[in-house]
Amino acid sequence: MDEREKKILKTLAKQYRNIAEASTEIINLQSILNLPKGTEHFLTDIHGEYEQFNHVLKNGSGSVSRKIDEEFGNTISSRDKKSLATLIYYPEEKLEIVQREEENLDDWYKISLHRLVQMIKRVSSKYTRSKVRKALPKDFSYVIEELITEKEEIQDKEAYYNEIIHTIIRIGRAPQFIVALSHLIQRLVIDHLHIVGDIFDRGPGPHVIMDTLCHYHSVDVQWGNHDMVWMGAASGHLACIANVIRLAARYGNLATIEEGYGINLLPLAAFAMEVYENTNCDVFNIRYNTDYNTKDLSLDTRMHKAIAVIQFKLEAQLILRHPEFGMDDRKMLDQIDYEKGTVNIDGREYKMLDMDFPTIDPGKPFELSEEENKVMARLQHAFMSSEKLQRHVRFLYAKGGMYKIYNGNLLYHGCMPMNSDGSFAGVQIYGREYKGKALYDILEYYARRGYYAKDSSERAAGQDIMWYIWAGKGSPVFGKEKMATFERYFVADKETHKERKNSYYKMLNQEETVNAILKEFGLDSSDAHIVNGHVPVEQIHGESPIKCGGKLLIIDGGFSRAYHEKTGIAGYTLVCNSRGMRLVAHEPFESARAAVLNESDILSDFIEVETFQRRKLVADTDIGREIKENIYFLEELLEAYRDGTIMEEI
């Protein structure tokens with residue numbers, strides 16, 4: 001036994017003080033290894049659509065309805081199954097309707113409680129009693145444990161359980177108990193949640209989604225480019241702040257910043273009202289939804305233009321600081337002929353749709369005016385002082401990264417940057433070239449330094465990389481040659497709007513390409529998968545989310561309403577349980593209220609990606625490997641106790 005192992009055993013001995021305690025833990029851990037693996041749920045590209053996100057989270061992408069079918073089969077009607085599913089998803093809202101409309105409420109309580117208890121028994125069957133106990137709601141933990149635990153010593157079990165439920169109804173606790181059981185079912189159906197990027201932008205409620213994730217029992221996040229620009233904004237990076245505000249203005253979601261995060265946009269509003277009061281803002285239209293208050297339209301349009309111009313200036317300054325980024329063609333304000341009203345793009349001249357720029361000096365187009373500098377300084381302070389935003393971003397750092405390897409699968413947002421010949425593309429980062437896994441790792445390193453570094457120059461270097469991750473041509477999570485923001489505003493020719501994707505996207509069905517990526521991350525290509533977000537799957541044009549025979553899965557959730565016309569559906573999610581992997585296609589979501597009133601779900605189709613030849617157990621997972629290591633050292637501890645190397649506490 002070497003010194004390292006002896007040190008480990010001595011540490012273990014403080015927790016398991018004798019042969020009996022160590023033996024009990026070995027038996028416990030060995031039994032856990034033989035349980036079915038928990039269900040993993042994969043979501044991506046949520047883009048602030050909190051109602052649809054919450055619904056998909058509640059139904060586990062069909063996992064709840066699947067469990068209902070398994071438990072009740074043909075013993076209850078399809079209508080009753082839908083009603084039970086709705087109750088589990090939205091117990092408070094469903095109870096409100098039932099209490100108003102149901103004639104025999106006690107009978108309804110009795111039937112519903114019995115069915116919910118049956119569901120709890122089914123969804124908890126793959127977990128240890130200890131794990132279930134930890135998940136139980138505090139107020140009802142004892143009662144629920146009694147109801148789901150078989151008691152061999154009781155002869156008339158049915159009478160015993162009926163009496164518990166009868167008492168719950170009699171003392172007026174049925175509604176609260178139903179809510180607790182419903183939330184517990186949601187909790188137990190999904191063991192672990194993966195968010196494969198892009199929580200933020202476009203939709204109105206990223207802050208609501210983040211609040212939900214912060215309290216979720218088990219979750220990881222792979223950063224998307226839209227997450228990264230918010231992380232950069234929270235760190236105080238001016239170009240990221242400008243991007244975040246511009247996108248919120250464009251989609252009519254400034255309330256997310258002001259009300260959701262308590263960030264005061266009054267400095268920008270006052271500046272826009274004064275400087276852009278008589279300015280043409282026609283091309284800065286707002287893409288608002290039915291919840292948008294149109295009385296704010298005129299002001300928001302001015303704010304939209306004001307922050308866009310500031311963004312273009314700040315980005316040009318950043319590109320000048322970093323010629324290694326190779327983004328000189330994105331420095332657009334110096335390509336405008338301010339007399340002719342045209343702009344030069346890739347050697348061609350195009351007419352500008354807007355030339356009304358009260359803050360641009362044609363001789364120094366990248367300089368912020370004195371007023372713009374003051375506005376950005378105040379906005380920077382507001383973003384860095386938002387307690388809620390800082391808490392959410394710290395969560396993204398704690399639970400997230402550029403990629404994740406989990407249970408033998410590789411998860412990332414965007415792409416592996418590649419050359420046209422299929423080789424990994426090299427990207428210059430501060431004087432060194434990186435590619436493949438090393439590129440992901442160095443970008444993550446700088447993204448963390450951009451938020452946490454104490455040294456100001458190190459922090460600034462990291463923040464510039466955060467902006468590059470958001471929109472840089474070599475960024476894995478962006479995956480395009482350019483972000484054509486300027487062209488979309490100012491040039492009518494739609495050819496200039498095209499954002500050419502990285503070569504990666506042309507090679508998704510080439511097995512050698514996918515195998516090379518898996519190998520680069522140390523995975524066995526024979527049974528590993530890549531789970532990939534970022535690009536909506538255009539099912540309406542016959543595109544499939546399953547690439548390379550199922551080795552690569554594109555699961556852009558398509559939550560953003562802006563994509564629905566393009567995709568034909570509301571995207572895909574992925575579920576992986578002990579029996580296999582399946583993609584779930586989703587129909588567009590109307591609202592939580594409609595889901596309750598109509599007892600409607602949003603699933604349209606299942607696609608079986610893979611059925612495992614044998615049921616996967618905890619032993620086959622990452623946690624299983626950790627448990628096996630623990631068992632090894634516990635068995636070594638047993639031997640040490642037995643041969644006297646370490647003394648027991650009796």
message = As an exercise, state the distance from CD1 of Ile241 to CG of Leu268, rounded to the nearest 0.5 Å.
response = 11.5 Å
task = Tell me, with the steps shown, if Glu49 and Arg202 meet salt bridge (charged side-chain N to carboxylate O under 4.0 Å, His left out).
result = CA-CA 8 Å; Glu49 297 291 350; Arg202 295 196 179 92; over 6 Å; no
message = A side-chain contact here means heavy atoms from C-beta on lying under 4.5 Å apart; do Leu318 and Trp467 qualify?
response = yes
note = Value for OG (Ser475) from OH (Tyr440), rounded to nearest 0.5 Å, stands at 8.5 Å
query = Any idea which heavy atoms bring Gly414 and Tyr504 closest together, and the distance?
reply = O-CE2, 3.9 Å
key: Nearest-0.5 Å distance that lies between atom OH in Tyr505 and atom SG in Cys415   = 4.5 Å
query = In Å, rounded to the nearest 0.5 Å, how long is the span from CD1 of Ile345 to CD of Glu487?
reply = 4.5 Å
Asp441 and Tyr434 side chains, donor-acceptor separation under 3.5 Å = no
key: Nearest atoms (heavy-atom pairs only) where Phe521 meets Ile405   = O-CD1, 3.4 Å
query = Is Arg321 salt-bridged to Asp464, cutoff N-O under 4.0 Å?
reply = yes
ask   = Backbone N or O of Pro204 within a donor-acceptor pair of the Thr256 side chain at under 3.5 Å?
value = yes
key: Ring centroid separation Tyr572 to His586 under 6.0 Å   = no
request  = Would you tell me whether Arg394 and Tyr452 have side-chain atoms, one donor and one acceptor, within less than 3.5 Å of each other?
outcome  = no
task = Could you tell me whether Glu458 and Arg449 have a side-chain N and a carboxylate O separated by less than 4.0 Å?
result = yes
query = Does Asp455 pair with Arg459 as a salt bridge, N-O distance under 4.0 Å?
reply = no
ask   = Asn373 and Glu371: side-chain hydrogen bond (donor to acceptor under 3.5 Å, both in side chains), yes or no, with the steps?
value = CA-CA 5 Å; Asn373 271 313; Glu371 293 86 355; over 6 Å; no
query = Is the CD atom of Glu339 crowded by more than 12 outside heavy atoms at less than 6.0 Å?
reply = no
key: Neighbour count >12 (heavy atoms, 6.0 Å) for atom CZ, Arg378   = no
query = Would you call Lys388 and Asp211 a side-chain contact if the rule is heavy atoms closer than 4.5 Å?
reply = yes
inquiry  = Are the side chains of Asn344 and Asp337 in contact, using a 4.5 Å heavy-atom criterion?
reply    = no
Gln428 side chain to His322 side chain, donor-acceptor N/O pair below 3.5 angstrom = no
task = Answer yes if the ring centres of Phe490 and Phe357 are under 6.0 angstrom apart, and no otherwise.
result = yes
ask   = Under 4.0 Å between a Lys/Arg side-chain N and an Asp/Glu carboxylate O for Glu93 and Arg593?
value = no
ask   = Are Tyr397 and Glu444 linked by a side-chain donor-acceptor pair shorter than 3.5 Å?
value = no
query = CG of Leu238 to NZ of Lys313: how many Å apart, nearest 0.5 Å?
reply = 13.5 Å
task = Scan Phe42, Tyr412, Tyr403 and name whichever one has a ring pair (Phe, Tyr, Trp, His ring centres under 6.0 Å) with His194.
result = Phe42
task = Before accepting this row, confirm whether a basic side-chain N of the pair Glu499/Lys473 lies closer than 4.0 Å to the acidic partner's carboxylate O.
result = no
request  = Please name the pair of heavy atoms, one in Phe312 and one in Phe486, separated by the smallest distance, quoted to 0.1 Å.
outcome  = CZ-CA, 3.8 Å
inquiry  = Within this structure, what is the CE-CG distance for the pair Met376 and Leu379, rounded to the nearest 0.5 Å?
reply    = 5.5 Å
request  = Verify, without hydrogens or angle tests, whether His237 (side chain) and Gly232 (backbone) share a donor-acceptor contact under 3.5 angstrom.
outcome  = no
Mutual orientation of the aromatic rings belonging to His192 and Tyr406 [parallel < 30°, tilted 30-60°, perpendicular > 60°] = parallel
key: Ion pair Asp493/Lys351, N-O distance below 4.0 Å   = no
inquiry  = Looking at Asp198 and His226, would you say the former's side chain and the latter's main chain have a donor-acceptor pair under 3.5 Å?
reply    = yes
message = Can you see whether Gln222 engages Asp220 through a side-chain donor-acceptor pair at a distance of less than 3.5 angstrom?
response = yes
